[in-house]
Amino acid sequence: MSDIAERVGRILDDPENWPSDPKEAVALQRRMAGRVRAEPLDASAVRTVAGLDVSYAKDDSALSAAAVVLDAATLEVVESVAIASEVSFPYISGLFSFRELPPVLEALGRLETTPDVYLCDGFGLAHPRRFGVASHLGVLLDLPVVGSAKSVLYGRHSEPGRERGSWTPMVAGRSEVVPDSAALAAGGAEVIGRVLRTRAGVKPVYVSVGHRVDLDGAADLVLRLSPKYRVPEPVRHADRLCGEHRKEVLAARTASEE
DNA sequence: GCGACAG
DNA sequence: ATCTTGTCGC
């Protein structure tokens, strides 16, 4: 059993980690948010990156989760796992991680290798209580995690330039007012993430610190991992894999029922 | 009260 | 997120 499998097992088995009531979940977020650390990540030490995602059934409670490990230099798939499970928490915006992390951790536990960095399809600090799924996973594992989301949950920002690599900051607060560059320079605003254009002329992605990386490092990594498509490669692979896996599980179940 | 709301 | 066919553009 790999090192990460043991840690994942302890996390999943501790009922303190998995409240069933949204009220308790919010309280847990408030307690754990203080443990998030934004710090430089040694990019030269990053050999492998894991992309994580979950695919849900429309009516059913069935779901599949995937973890795909890529070589950070070549972007080739090193290892991938997919597991089937069931929904254990409702989808509530802001409490997304309580729904998504149990199956994600199950998948991580089946990995032979221990990735150096993890990429979540969602936010880290760019969250109303600064504790999105990427921060939640990072604190539970105490490993580097980056958040890369496809739409905004919280915060305000202006639009980045249309060329690949251009970006604007995401600032805490409700999303009507565009952040003021003078206020940013004066350090008066809390920067919680970055709107990053990974493909020219295509809707940007929203990057934030999960845990044990800083925002520059997180954005550099996401851009490196998105040489061709909008969504970073590890997450693209995980998205495709868990979608296929869920359909295979459904097909197998349907076949055995007749 | 109103609007917003990751996947 | 999921359910879905064709269609516009490089």
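Source: prediction; values computed, not measured. All chains are named by letter (A, B, ...) in the order of the sequence lines, taking the proteins before the strands, and each is independently numbered beginning at 1. The basis for the numbers below is simple: all heavy atoms, side chains too, and nothing from hydrogens, waters or symmetry mates.
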Over how many whole Å does the gap from [X] atom [atom1] to [N] atom [atom2] extend?
X	N	atom1	atom2	value
A:R99	B:dG7	CZ	C1'	8 Å
A:R230	B:dA6	CZ	C1'	12 Å
A:R199	C:dC10	CZ	C1'	10 Å
A:R129	B:dA6	CZ	P	13 Å
A:F89	B:dG7	CZ	C1'	14 Å
A:M170	B:dC5	CE	P	11 Å
A:R156	B:dA4	CZ	P	17 Å
A:L153	B:dG7	CG	P	9 Å

Does [N] have OP1 or OP2 sitting under 4.0 Å from an N or O in the side chain of [X]?
X	N	answer
A:K150	B:dG7	yes
A:S93	B:dA4	no
A:S151	B:dG7	yes
A:R246	C:dC3	yes

Quiz item: Are A:Y91 and A:E100 linked by a side-chain donor-acceptor pair shorter than 3.5 Å?
Solution: no

Quiz item: Regarding A:H237 and A:D53, is there a side-chain donor-to-acceptor distance under 3.5 Å anywhere?
Solution: no

Quiz item: Between B:dG7, C:dT2, B:dA6, which nucleotide gets closest to the side-chain atoms of A:K58?
Solution: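 Taking heavy atoms from C-beta onward, the closest nucleotide is C:dT2.
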
Hey, does [X] reach any base, or is it just sugar-phosphate, or nothing, if we go heavy atoms under 4.0 Å?
X	answer
A:G94	base
A:V54	nothing
A:D53	sugar-phosphate
A:Y91	base

Take atom [atom1] in [X]; do more than 12 heavy atoms of anything else shown fall under 6.0 Å from it?
X	atom1	value
A:R110	CZ	no
A:R47	CZ	no
A:E16	CD	no

Exercise. Determine, for A:Y229 and A:R236, whether the Lys NZ or Arg CZ falls below 6.0 Å from the six-membered ring centre while staying within 45 degrees of the axis.
Key: yes

Quiz item: Pairing of DNA chain B as dot-bracket, 5' to 3': ( ) intra-strand, [ ] crossing, | other strand, . unpaired, with Watson-Crick or G-U pairs under 3.5 Å?
Solution: .......

Practice problem: Before accepting this row, confirm whether a basic side-chain N of the pair A:E248/A:R253 lies closer than 4.0 Å to the acidic partner's carboxylate O. | Solution: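 Salt bridge between A:E248 and A:R253, a charged N being under 4.0 Å from a carboxylate O: no.
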
